[in-house]
Asks: 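Before we start, here is the structure in question, set down as structure tokens.
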Protein chains: 2
Amino acid sequence: MQYETDELKKVGLKATLPRIHVLQLLLSNEGEHMSAEVVYRKLHESGVDVNLATIYRVLTQFEEAELVERHQFDATTSVFELKQDDHHDHMVCVRCHQVIEYVNAEIEALQESIAKQHGCEIVDHKHVMYVICHECSVKK
Amino acid sequence: MQYETDELKKVGLKATLPRIHVLQLLLSNEGEHMSAEVVYRKLHESGVDVNLATIYRVLTQFEEAELVERHQFDATTSVFELKQDDHHDHMVCVRCHQVIEYVNAEIEALQESIAKQHGCEIVDHKHVMYVICHECSVKK
DNA sequence: TTTACTGCAAACTGTTTGCAGTAAA
DNA sequence: TTTACTGCAAACAGTTTGCAGTAAA
């Protein structure tokens with residue numbers, strides 16, 4: 001819990017219990033992409049009662065503090081993951097909803113050159129591939 | 001109006017006035033990416049009163065009939081464009097909200113190979129670049 | 001002790017839906 | 001004349017917000 005406290009203070013946030021718990025959950029589930037609802041449910045399952053509105057606030061603050069990244073793989077729900085050092089994009093299995101991360105420098109470079117061709121400067125991008133993953137295609 | 005009527009019947013939809021008007025609007029604004037709200041407003045401006053709920057229904061039916069494509073460039077709102085023959089992706093200017101379409105076979109191919117490497121089969125993808133367009137970067 | 005933060009409930013936004021009436025075939 | 005469609009109002013889902021009370025510094 002000291003680590004979480006330090007991380008929070010480092011980005012200028014009071015080390016409150018809700019924030020510590022959310023951060024702890026994200027840390028212990030690295031690589032997962034969780035919605036606010038899921039964070040809420042997981043915390044409650046482990047006996048920690050944090051209000052859903054607070055979770056939304058905390059996740060948004062974490063995003064602003066660049067501790068987490070927000071993604072929207074489907075039309076309705078945002079998911080959050082701990083921010084990693086390297087940029088990566090995502091594949092989402094439409095059957096099992098597993099998320100696979102990948103990095104591809106060539107695509108990144110191509111993007112830049114396309115933008116440049118049009119006189120545009122990229123400020124952000126999202127690239128999501130909706131797939132049927134190996135496991136799902138095997139089990140029919 | 002005969003053209004619209006025929007197009008609608010071709011995909012098995014009754015040629016009703018709301019549908020004809022929405023299709024007409026999309027046809028006369030090819031290349032535009034309009035939200036349901038914008039469709040609603042534009043129709044009303046030209047003196048055609050169609051209920052917003054109907055516009056949502058019609059656009060969804062058009063999507064199912066593959067007459068239009070739905071995109072979500074921001075978290076909250078869907079936009080629609082007439083379906084073209086070729087696949088393309090989008091750049092959206094974060095300042096003026098202009099949408100620029102582009103096609104890049106190399107990226108498409110790279111996507112496929114990345115998916116394959118992971119044993120995945122792509123069923124869909126979205127690739128959006130958020131940019132500052134030429135005009136916007138010029139006028140500071 | 002001060003001020004940022006949380007819980008609660010209510011609001012909000014884009015979108016969908018049930019139902020009774022209307023228009024296309 | 002039948003049946004699909006529309007308008008209306010209410011519901012919906014995820015998310016945000018105002019406010020009064022609570023806890024971190």
Side-chain angles (χ1 to χ4, degrees), chain A residues 1-2 4-25 33-44 47-65 67-80 97, chain B residues 1-2 4-25 33-44 47-65 67-80 97:
Chain A
M1 173 172 153
Q2 192 52 53
E4 289 84 355
T5 302
D6 292 347
E7 287 296 298
L8 289 170
K9 296 203 169 148
K10 208 180 290 177
V11 297
L13 293 170
K14 271 193 188 171
T16 64
L17 284 174
R19 298 214 260 240
I20 290 169
H21 284 129
V22 171
L23 182 52
Q24 231 160 32
L25 181 69
H33 297 70
M34 287 186 264
S35 65
E37 271 286 340
V38 167
V39 169
Y40 176 81
R41 202 160 45 239
K42 290 210 181 213
L43 286 182
H44 277 247
V48 177
D49 279 23
V50 181
N51 190 276
L52 184 55
T54 300
I55 291 178
Y56 276 107
R57 272 188 288 231
V58 166
L59 287 172
T60 303
Q61 292 156 351
F62 284 8
E63 187 191 10
E64 285 160 359
L67 288 175
V68 310
E69 276 186 3
R70 180 194 300 254
H71 304 289
Q72 223 183 346
F73 297 142
D74 69 82
T76 55
T77 315
S78 291
V79 293
F80 301 83
H97 305 110
Chain B
M1 172 172 152
Q2 193 52 51
E4 289 84 354
T5 301
D6 292 347
E7 286 296 297
L8 289 169
K9 295 205 170 148
K10 208 180 291 178
V11 297
L13 293 170
K14 270 192 190 171
T16 64
L17 283 175
R19 299 213 259 239
I20 290 168
H21 284 129
V22 171
L23 182 52
Q24 229 160 33
L25 182 69
H33 297 71
M34 287 187 264
S35 66
E37 271 287 339
V38 167
V39 169
Y40 176 82
R41 202 159 46 238
K42 291 209 178 211
L43 287 182
H44 276 247
V48 177
D49 278 24
V50 181
N51 190 275
L52 184 54
T54 301
I55 290 179
Y56 275 108
R57 272 189 287 232
V58 166
L59 287 171
T60 303
Q61 291 156 351
F62 284 8
E63 187 192 11
E64 285 160 358
L67 288 176
V68 309
E69 275 186 4
R70 180 194 299 255
H71 304 289
Q72 223 184 344
F73 297 142
D74 68 82
T76 55
T77 314
S78 290
V79 293
F80 301 83
H97 306 109

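In what follows, chains are A, B, ... by sequence order, proteins preceding strands, each numbered from 1.
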Asks: For residues 6-16 of chain B, which side-chain donor-acceptor pairs fall under 3.5 Å, sequence neighbours excluded?
Replies:
from: B:Asp6; atom 1: OD1; to: B:Gln2; atom 2: NE2; distance (Å): 2.9
from: B:Glu7; atom 1: OE2; to: B:Lys10; atom 2: NZ; distance (Å): 2.9

Asks: Which pairs count as salt bridge (Lys or Arg N to Asp or Glu O under 4.0 Å) when at least one residue sits in residues 67-79 of chain B, sequence neighbours excluded?
Replies: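 Counting only pairs at least two positions apart or across chains, the salt bridge (Lys or Arg N to Asp or Glu O under 4.0 Å) contacts touching residues 67-79 of chain B are B:Glu63-B:Arg70, B:Glu69-B:Lys83.
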
Asks: Got a second to check how far A:Gln72's CD is from A:Ser35's OG, nearest 0.5 Å?
Replies: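 A:Gln72 CD to A:Ser35 OG: 11.5 Å, rounded to 0.5 Å.
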
Asks: Please report the distance, rounded to the nearest Å, between CD1 in A:Ile55 and P in D:dT15.
Replies: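 Rounding to the nearest Å, CD1 of A:Ile55 and P of D:dT15 are 12 Å apart.
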
Asks: So do A:Leu25 and A:Val48 actually touch side chain to side chain, heavy atoms under 4.5 Å?
Replies: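 When only atoms from C-beta onward are counted, A:Leu25 and A:Val48 do not touch, as no gap falls below 4.5 Å.
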
Asks: Given side chains that start at C-beta, do those of B:Leu17 and B:His21 come closer than 4.5 Å, heavy atoms only?
Replies: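 They are in side-chain contact.
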
Asks: Let's see if you get this right: which residues in residues 35-43 of chain B place a heavy atom under 4.0 Å from DNA chain C?
Replies: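 Contacts with DNA chain C under 4.0 Å: none.
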
Asks: Once you round to the nearest 0.5 Å, how far does CE of B:Met1 lie from CG of B:Leu23?
Replies: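 These two atoms lie 11.5 Å from each other.
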
Asks: Kindly indicate whether the side chain of A:Glu37, heavy atoms from C-beta on, has any atom under 4.5 Å from the side chain of A:Thr77.
Replies: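 Side-chain contact under 4.5 Å: no.
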
Asks: Let me confirm one number: the OG1-CG distance from B:Thr54 to B:Leu59, rounded to the nearest 0.5 Å.
Replies: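 One finds 10.5 Å between OG1 of B:Thr54 and CG of B:Leu59.
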
Asks: Please identify the 5'-most and 3'-most nucleotides of DNA chain C with any atom under 4.0 angstrom from a heavy atom of chain A.
Replies: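 Contact span on the strand: C:dT3 to C:dA9.
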
Asks: Tell me whether B:Gln61 contacts the main-chain N or O of B:Glu64 through its side chain, where contact means a donor paired with an acceptor under 3.5 Å.
Replies: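 Not at all, since once roles are kept as given, no pair shorter than 3.5 Å links the two residues.
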
Asks: Starting at the 5' end of DNA chain C, what dot-bracket string do you get if Watson-Crick and G-U pairs under 3.5 Å are bracketed, crossing pairs use [ ], other-strand pairs use | and unpaired bases use dots?
Replies: |||||||||||||||||||||||||

Asks: When all nucleic acid strands are considered with a 4.0 Å heavy-atom cut-off, which category describes A:Ala75: base, sugar-phosphate, or nothing?
Replies: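 Answer is nothing: A:Ala75 stays at 4.0 Å or more from every strand.
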
Asks: Check whether any side-chain N or O of A:Ser78 sits under 4.0 Å from OP1 or OP2 of D:dT15, and answer yes or no.
Replies: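 Answer is yes, contact under 4.0 Å.
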
Asks: Nearest 0.5 angstrom please: A:Arg19 CZ to A:Arg57 CZ, how far?
Replies: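 Separation between the atoms: 10.0 Å.
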
Asks: At under 4.0 Å between heavy atoms, what does A:Asp49 touch on the DNA or RNA strands: base, sugar-phosphate, or nothing?
Replies: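 Counting heavy atoms under 4.0 Å across all strands, the contact made by A:Asp49 is with sugar-phosphate only.
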
Asks: With a 4.5 Å limit on heavy-atom distance, are the side chains of B:Phe62 and B:Val22 in contact?
Replies: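 A side-chain contact exists here, since the closest heavy-atom pair is under 4.5 Å.
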
Asks: Hey, which of these two, A:Pro18 or B:Thr76, hits DNA chain C nearer its 5' end, going by closest nucleotide?
Replies: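 The residue whose closest nucleotide sits nearer the 5' end is A:Pro18.
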
Asks: Taking the side chain as everything from C-beta on, heavy atoms only, tell me whether B:Leu43 gets closer than 4.5 Å to B:Ile55.
Replies: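 The answer is yes; the side chains approach within 4.5 Å.
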
Asks: Heavy atoms within less than 4.0 Å of DNA chain D: which residues of residues 56-64 of chain B have one? Give them sorted by number.
Replies: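 The stretch gives B:Arg57 as the residues lying under 4.0 Å from the strand, ordered by number.
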
Asks: Distance check, rounded to the nearest 0.5 Å: B:Met34 atom CE versus B:Lys42 atom NZ?
Replies: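 That separation rounds to 5.5 Å.
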
